[in-house]
Trainee: 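Have a look at this one.
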Amino acid sequence: MKTVAVALKKVQELFKLHFLIPFYQRGYRWNEQQVRQLLLDIDSFQPTGGNFYFLQALVVVKTGDASYRV
């Protein structure tokens, strides 16, 4: 069985990565209003006492060209 690494990432760390979204995932993409609402929610979050904004898990597989397939 292959070992799976799990790591928390800050949103800023994701900007430098390249994600591939297969055709079968595209039916789940958000509309512009949903994206705006999420970004506003993240922007208004005030971390206190070590809390952080958790976006839920995203399962990805690293491809041979340094991209990640969702």
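What you are looking at is a predicted structure, and each value in this text was computed from that prediction instead of being measured.
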Trainee: For L40, is there any backbone N or O sitting under 3.5 Å from a side-chain donor or acceptor partner on S44?
Mentor: yes
Trainee: Nearest 0.5 Å, what's the CG-CG distance between L38 and D43?
Mentor: 11.0 Å
Trainee: How close do Y53 and F45 get, counting heavy atoms only, and between which atoms?
Mentor: N-CE2, 3.5 Å
Trainee: Rounded to the nearest 0.5 Å, how far does CD1 of I42 lie from CD of Q37?
Mentor: 10.5 Å
Trainee: In this structure, would V35 and F15 fall into the same cluster of hydrophobic residues linked by side-chain contacts under 4.5 Å?
Mentor: yes
Trainee: Output the distance between atom NE2 (H18) and atom CG (D65), rounded to the nearest 0.5 Å.
Mentor: 8.0 Å
Trainee: How long is the span from the OH atom in Y68 to the CG atom in L17, to the nearest 0.5 Å?
Mentor: 5.5 Å
Trainee: Could you pull out the closest heavy-atom pair between V70 and P22, with the gap in Å?
Mentor: O-CD, 3.4 Å
Trainee: How far apart are the closest heavy atoms of F19 and L14, and which atoms are they?
Mentor: CE1-O, 4.0 Å
Trainee: Is the number of heavy atoms from other residues, nucleotides or ligands within 6.0 Å of CD (E32) greater than 12?
Mentor: no
